[in-house]
Peer 1: 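Take a look at this one; I'll ask things after.
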Amino acid sequence: MPTYRFSAPARLVVLGSGSGTNLQALLDAASEEEYAARVVAVGADRPGIEGLARAERAGIDTFVERVRDHPDRSAWDAALAEQVARHEPDLVISAGFMKLFGPRFLDRFAGRTLNTHPALSPSFPGMQGPQDALDYGVKVTGATLFVVDGGVDTGPIVAQVPVAVEPDDDAAALHERIKTAERAMLVDTVGRMAREGFSVEGRSVRIGS
Ligand code: GAR
């Protein structure tokens, strides 16, 4: 059973593709002495995003690895892994990173790469969790933090938080409420994982011993 324990503070590399509000929540938490993790670098698959600006304002190292700068997806995947490895992370956090990791990345960081998804897995995997939940007509959706595997939002679940769907919700309004709950879950759960360690056995993730 893979077990992870970290010397405090744990080193986080956060990857994103957009506004980076989950990243900001981690940056804010990690600025508190008692939080057991620090963001040591922020990476993106495109330049010019607010997530990178948030990192720069916080004085955190950033990097960009664009798919189009590589001959194929596998070369991009290896380059991304190399960039992340330079920062010697204990945990890699995919927070709104809109790319799937390939085998070359997962060979290095599987088991300690987490992703946050705006739906209650296993429902509504993919890029449009809030819209798919609305289209299906569920009354409760939410967010899921999971350990990344080779599938699309399929990895072992670390934490989930429910969010009620309101009658007049559109996808944007629902996603904003999900993100509020998601950020709190992410900060709390990553903090506990950093402090207490965690183990993964099959689909079961346990924080602490
Ligand atoms: C978050 O809700 C995250 O779960 C979602 O993108 C948002 C990023 O927000 N990710 C996915 O949909 C991946 N399948 P942020 O950039 O403000 O943190």
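Both ligands and their constituent atoms are indexed starting at 1 by order of listing. In this chain, residues are counted from 1 in sequence order.
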Peer 1: Is it true that T154 and D149 share a donor-acceptor pair across their side chains at a distance under 3.5 Å?
Peer 2: yes
Peer 1: Is the shortest distance from a Lys or Arg side-chain nitrogen in D169 or R177 to a carboxylate oxygen in the other one below 4.0 Å?
Peer 2: yes
Peer 1: Sequence neighbours left out, what pairs pass ring-ring contact (aromatic ring centres under 6.0 Å, His included) with at least one residue falling in residues 185-209?
Peer 2: Y4-F198
Peer 1: What residues form a side-chain contact (heavy atoms from CB on, under 4.5 Å) with A110, not counting sequence neighbours?
Peer 2: L106
Peer 1: Ignoring hydrogens and angles, state whether a donor on the side chain of S19 or E50 is under 3.5 Å from an acceptor on the partner side chain.
Peer 2: no
Peer 1: Non-hydrogen atoms closer than 4.0 Å to ligand 1: which protein residues do they belong to? List them by chain and number, please.
Peer 2: S19, G20, T21, N22, G96, M98, T116, H117, P118, G126, H175, K179, E182
Peer 1: Which ILVMFWY residues are connected to M98, directly or by a chain of links, through side-chain heavy atoms under 4.5 Å apart?
Peer 2: M127
